[in-house]
S.K.: 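For reference, the structure I am asking about is given below.
Below, chains carry the letters A, B, ... as their sequence lines are ordered, and counting in each starts from 1.
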Protein chains: 4
Amino acid sequence: MKIESVKIFVSCPDRNFVTIKITSDEGVYGLGDATLNGRELAVATYIEEYCIPSLIGRDPFDTEDIWQYFYKGVYWRRGAVNMAAIGAIDIALWDLKAKALKVPLYQLLGGKSRQQVLTYCHAQGKTLPETMDAIRQKAELGYQAIRVQSGVPGMKSIYGIAKSSKGYEPAIKGNVPAEECWDTNKYLNFAPKLFAAVRKDFGEDLHFLHDSHHRLSPNEAARLAKELEPFHLFWMEDAVRGELQEAYRHIRKNSTTPLAIGEVFNTIYDCQTFITEQLVDYLRMSVPHTGGFTHMKKIAALAETYLVNMAPHGPSDISPIGIAANLHFSISINNFGIMEYMGHSDLTNEVFPHGYVLKEGSLYLDETPGLGVEYNEKLAEKYAYEKAFLPVNRKEDGTMFDW
Amino acid sequence: MKIESVKIFVSCPDRNFVTIKITSDEGVYGLGDATLNGRELAVATYIEEYCIPSLIGRDPFDTEDIWQYFYKGVYWRRGAVNMAAIGAIDIALWDLKAKALKVPLYQLLGGKSRQQVLTYCHAQGKTLPETMDAIRQKAELGYQAIRVQSGVPGMKSIYGIAKSSKGYEPAIKGNVPAEECWDTNKYLNFAPKLFAAVRKDFGEDLHFLHDSHHRLSPNEAARLAKELEPFHLFWMEDAVRGELQEAYRHIRKNSTTPLAIGEVFNTIYDCQTFITEQLVDYLRMSVPHTGGFTHMKKIAALAETYLVNMAPHGPSDISPIGIAANLHFSISINNFGIMEYMGHSDLTNEVFPHGYVLKEGSLYLDETPGLGVEYNEKLAEKYAYEKAFLPVNRKEDGTMFDW
Amino acid sequence: MKIESVKIFVSCPDRNFVTIKITSDEGVYGLGDATLNGRELAVATYIEEYCIPSLIGRDPFDTEDIWQYFYKGVYWRRGAVNMAAIGAIDIALWDLKAKALKVPLYQLLGGKSRQQVLTYCHAQGKTLPETMDAIRQKAELGYQAIRVQSGVPGMKSIYGIAKSSKGYEPAIKGNVPAEECWDTNKYLNFAPKLFAAVRKDFGEDLHFLHDSHHRLSPNEAARLAKELEPFHLFWMEDAVRGELQEAYRHIRKNSTTPLAIGEVFNTIYDCQTFITEQLVDYLRMSVPHTGGFTHMKKIAALAETYLVNMAPHGPSDISPIGIAANLHFSISINNFGIMEYMGHSDLTNEVFPHGYVLKEGSLYLDETPGLGVEYNEKLAEKYAYEKAFLPVNRKEDGTMFDW
Amino acid sequence: MKIESVKIFVSCPDRNFVTIKITSDEGVYGLGDATLNGRELAVATYIEEYCIPSLIGRDPFDTEDIWQYFYKGVYWRRGAVNMAAIGAIDIALWDLKAKALKVPLYQLLGGKSRQQVLTYCHAQGKTLPETMDAIRQKAELGYQAIRVQSGVPGMKSIYGIAKSSKGYEPAIKGNVPAEECWDTNKYLNFAPKLFAAVRKDFGEDLHFLHDSHHRLSPNEAARLAKELEPFHLFWMEDAVRGELQEAYRHIRKNSTTPLAIGEVFNTIYDCQTFITEQLVDYLRMSVPHTGGFTHMKKIAALAETYLVNMAPHGPSDISPIGIAANLHFSISINNFGIMEYMGHSDLTNEVFPHGYVLKEGSLYLDETPGLGVEYNEKLAEKYAYEKAFLPVNRKEDGTMFDW
């Protein structure tokens, strides 16, 4: 079999997605998710100009060789644009192979290690009462694990809190990123109160997660992790930005609150110290942003060796194709923890019809060969790309800060 | 002062270059080099779509804040595409500031630490005699430091060796990368003979450098470094690919051959272990690919503290603007080692008229305010972008390998 | 441009200051602060005898080369006398360069990273009620961050507590240092009570800082840091004297109270382990005592890489020139935390007229080229140097101890 | 007993010396050496203004308390100016105490551990033959240990080589330091040839030492140390500048050439990593520059624990008082290695009459109480201070470098 054509689609069915379609000379095709939130066209250009010509004529089953070709062959390795491109190609090739073999993709990854994939959802509110209501609604839907973010008294805007009632979507359409404002002190004082209230109302059985979104220093993170210990979080996420992996040593020495990181990572070298020193409990890398199944299976292997679990990132800017990739990955590995699932709008789901379904907080795959997701090209064409950005963030004194 | 317009130019005056021009409301402008060899349009798209709108209206003197804005603001940090974009913007802003203040750029970086910048050139041949001739020609031109690469008996193609007499240009025009073939064993057996012959003919005064181009394992590198010790290389470059920084510990324990790495690095986190554990002697990061002056000055500071010298990458795919950036950087820091300089074709030089000149193997800056390089937009327009790639590389058994 | 004259002024407008003035052959001049509290004339002699002759005739724009000349050229490197001399020269050269280029100095350091610089003030009292009153007064002035020191029951004198109502000035005029007396046990028992009371009265929004002034053992510091955790200090300062950097590992393993150190440090080698092992959260080195901008920018770069923030020392023995240097530094770097500001007497301010102003606990710079501080030589002449010392300290049993 | 007067003398009997004289109310006095080469008046001012008033009235036998008073009491600790002042005071107090007790000073340090103190002398020449001659002359004088420095072909000036026949004196009179020029490559190529020739001519019994004078990078030092291994140096000195103590790890892993460092160190914190990681074999700190006997005994204690030997610095800029201090120290400790002794001019010896004598390369102390050195104030007065500096050093490209 040979690759005959590769196409890139950029569309905006409520939000932007970049989709790759690889078709073989035998007419089998695979789909991949190349969306990089707020930098979509850079990835599209990267694939269009620099990857597609090299794909044509290759055997689509050679996933390892093709992965190495694009990873080593670029000379300028790593980075989100590069790895999202490789990830999309790798996902599409595995989808194609599974379709050609007429099996769900997970069968090629080692079969099922479990019947369904536990997810966590998001609950948030501008105030503590609103947040408690949101948790209650999610719990009533059967979720066993809920990420809780809350507006902080005295802070205008905060990560994770929707401005409208339409649900939270961090990317905002426009020509430049929105600027938010942040006060660590107010947040640190409030967060333990939030989870004291949450545990008081909801007892000890539900899993609660929390995201600090890379905004703490190692010591601030250690303080918060220590103060949250009594509330037994499922995890505290992205406590400190992750370029300096050893920065987590200090948090680890001072607390047993479980730690998670990884949604912005792209290669195994972004996390090998986190893993080998066991500085976190969960790695949150996603299949599409981390070079696809080929690379993620290796990361999962290293993590398993060091007793770390995988917990793929699953925001709305990962298309249903990417979500399905995370699902097939999650269902097949042994060291799976939990998977994030924000869901998508009806329109997004219409453009990406898929077989996976959510029941009581867990995702279930059907037996469709491949990923089990389609791409409605005709419908998608109606929704042209509209520039949108994740916000940037400043401290109250104007210092450019981590969003 | 406010930024009024930002333009991106992609042209191919013999080879591809991406150039950024930032102009203020007072009519002062700065130029930056955004060329990423073989991925040019990805960077151009990245800047065009995602950076320019955020630059308009900002104070161009706020280089630190703007750097942080694009580094932290992308959420998906690091990587060559991202950092080349930031680097081009940062260079252009410093060029603009120096022009506005009517001083050569190095004056804003701490003044001159030396009068000229020592460079090394490339000498290569398909055979040992050709290589010896090439060295002789370079030595006669007054070069004090020469990088020596030679064809290896039994190997068809090899990194660094020109196919034509026009001089070596690794990027080859076409729709897909060329594929080369590699045999580590033949190389390891030949390299010590090469340098034995070189030292025998040229004595001990000339500096010789050699590039293993990321193709050795840590232990192969240790073997070669050890066997090259008697020939006193100025450095052995890119012995092992650098994602796993600690991989160099083994080489370091076994040899005193000086080591250099960094031409594919983009941030301080790509090299902080190399520096703090002093695993290399020279860091070869370039100003345009590493986030510009703002970031490179910080890397140089870290390196100085740990007794490591800076030795910027200077191949032909860094435009005269990028070369000038490397020069102003190199002339201003104390811990400078040497700078690579491959030069450019006449046409490239015509499109980028510049004041720096090469004399006896050293580069000299003139006193023009800013970088001292112009961009001839009219002339450049005639030379449209032509896709070109660095080669990829396979081992003799077909294994996809490091180029 | 060439340096034509360099002058040293020693004067005592309420307290001693050493000021350097470097003038070029084009008539532009720069000012630097060479004050080393209690050792003023040693620095003045050092500059007068050993630095000025080497400065004459040099290009004042060569700040990096001149820095290296005095750092490496003395052979006997490091130490406060040496580094205060280099710091004063470096500040004056950057002031001169910025004046010559007609921009505020921060523009040469990367522009503004924020519009104003957050400061903390000092509140102290002989008794707990007096201390609470002092805090209240400062809070009413709009300060967001207040360093709290209090007399300890059973101890006669204590660091940081004024004897008169004129405000605290640690240096005392006379021929020999005053001797104070210290009881660690009384202090350790009292400090947690102090901050329990402070938080009870003032709530959780205000930032409180505390200075242990190098008087604790690592384990005593760990105990206190642990016991202060519930009161969420902004920082605990100078817990243990800093010559043995690794001494802070024990504190760090046992507490998440933020730590600060550095006001007596002079070079990057005094803190590189503090930074690379992230043993503190804030580095309190000041621009004048740490070799000036040239060296401090390098320290800030190292600290930024390791997620440590800069928080310059700003007592009354740093003249308005040194304060302005700290301000231009603080406003330009990204990893700024907070700056100490004790202010100066009216007479001091008259001798050093300056444009920076304090509003609601933050300092603002104006747009005057250079540092924005003048030195009134005529007025200063009237106030001759009067010897004054920081106190020394003994334990209750007479043991010579850390002040 | 009380201290009644303290005087500082600055004189230039062929070269500058700073001498302190502490006299008690019982008429006993002690002498100390406060010379800091090229910064003499800074130390003199420091003592005169800031130490003498605090000494008057104290019990001169309280050496430990007085040491702590000046070390801790300055607040700005460490540094050569500070520690040379403390060293001079401490030496004078011990001299006074020994005189009061009518015993040679070593008796108060633990008595004699040996009868004489092995020294090494300097042999140098502009060319290899001159150097060989110089060695021969020294060997004939009975020296068992000779430091060998030689002019390097192609380099104009080099550290350690006299320009005139009067013997080498690095400090040069004048208003600014001389500038030398350095080429590491030429030196590295030559040094092994030098010692091959030396061993060939002089056999294996003589001890040869060599000083790289802080001019090598860690890797260059490792190369040289490795290449010098066959010649069994007594030591290779000051291979790399010592601020970054861990820089010696790399040298140590690659060679068994013995290493020495320390002549520019002033406190135990300048060498505690060198000692505890056993990165060197000899510590070359001198009693006068390192805070006197009180501090040096503690350093020797730490070194003994880690099997490191003491080898005091003894150049001509340490006066006969300082040399005698080194001698009493060296004769009394167990972990003594060797002591440098350059000797002094006849005039210097006339101004500082002393009882120690050199015989066959070893120094012998007589039984005079105290240090056994006098200071001829009348004679000294005739020789007023003349400013002189150690040179500074630049690399051939103009880079300010380590001298």
S.K.: Among A:E40, A:M83, A:E179, single out the residue with the greatest number of heavy-atom pairs under 4.5 Å to chain B.
M.R.: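 Top option by heavy-atom pairs under 4.5 Å: A:E40.
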S.K.: Counting heavy-atom pairs closer than 4.5 Å to chain A, which one of B:Q68, B:R78, B:K72, B:E243 comes out on top?
M.R.: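 Answer, by heavy-atom pair count under 4.5 Å with chain A: B:E243.
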S.K.: Which one, A:T45, A:N266, A:V43, leads in non-hydrogen pairs under 4.5 Å with chain B?
M.R.: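 Looking at each of A:T45, A:N266, A:V43 in turn, A:T45 comes out on top.
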S.K.: Mind checking whether B:W403 and B:H214 have ring centres under 6.0 Å apart?
M.R.: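 B:W403 vs B:H214: aromatic centres not under 6.0 Å.
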S.K.: At a 4.5 Å cut-off on heavy atoms, which part of B:Q245 comes close to chain A: side chain, backbone, both, or neither?
M.R.: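 Interface part for B:Q245: neither.
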S.K.: Checking salt bridge (charged side-chain N to carboxylate O under 4.0 Å, His left out) between B:D402 and each of B:R215, B:R241, B:K395, which is the one that passes?
M.R.: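 Per the salt bridge (charged side-chain N to carboxylate O under 4.0 Å, His left out) rule, the option paired with B:D402 is B:R241, out of B:R215, B:R241, B:K395.
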S.K.: Considering only heavy atoms and a distance below 4.5 Å, find which of B:Q272, B:E246, B:R394 pairs most often with chain A.
M.R.: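 Max contact count across the listed options: B:R394.
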S.K.: Which residue in the set A:I20, A:D59, A:D62, A:I3 passes side-chain contact (heavy atoms from CB on, under 4.5 Å) when paired with A:L93?
M.R.: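 One option only clears the test, and that one is A:I3.
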S.K.: If we define contacts as heavy-atom pairs under 4.5 Å, which of A:I52, A:V74, A:L390, A:T399 has the most with chain B?
M.R.: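 If we count pairs closer than 4.5 Å to chain B, A:V74 comes out on top.
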S.K.: Which bit of A:N37 comes within less than 4.5 Å of chain B, counting heavy atoms only: side chain, backbone, both or neither?
M.R.: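 Both backbone and side chain.
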S.K.: Who wins among A:I47, A:N82, A:L36, A:T273 for the most heavy-atom pairs under 4.5 Å with chain B?
M.R.: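 Highest number of heavy-atom pairs under 4.5 Å: A:L36.
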S.K.: According to the interplanar angle, ranging from 0 to 90°, do the rings of A:W67 and A:Y71 count as parallel (below 30°), tilted (30 to 60°) or perpendicular (above 60°)?
M.R.: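 Answer is parallel, since the angle falls under 30°.
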S.K.: Name the orientation class of the two ring planes belonging to B:Y50 and A:F389 (parallel below 30°, tilted from 30 to 60°, perpendicular beyond 60°).
M.R.: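 It falls in the perpendicular class, over 60°.
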S.K.: Under a 4.5 Å heavy-atom cutoff, which of A:N175, A:V81, A:L244, A:L41 has the most pairs with chain B?
M.R.: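 Answer, by heavy-atom pair count under 4.5 Å with chain B: A:L41.
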S.K.: Any heavy-atom pair between the side chains of B:H295 and B:D90 that's under 4.5 Å?
M.R.: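 Of all side-chain heavy-atom pairs linking B:H295 with B:D90, none is under 4.5 Å.
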S.K.: A:Y75 and B:H213: aromatic ring centres closer than 6.0 Å?
M.R.: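 Yes - the distance between ring centres of A:Y75 and B:H213 falls below the 6.0 Å cut-off.
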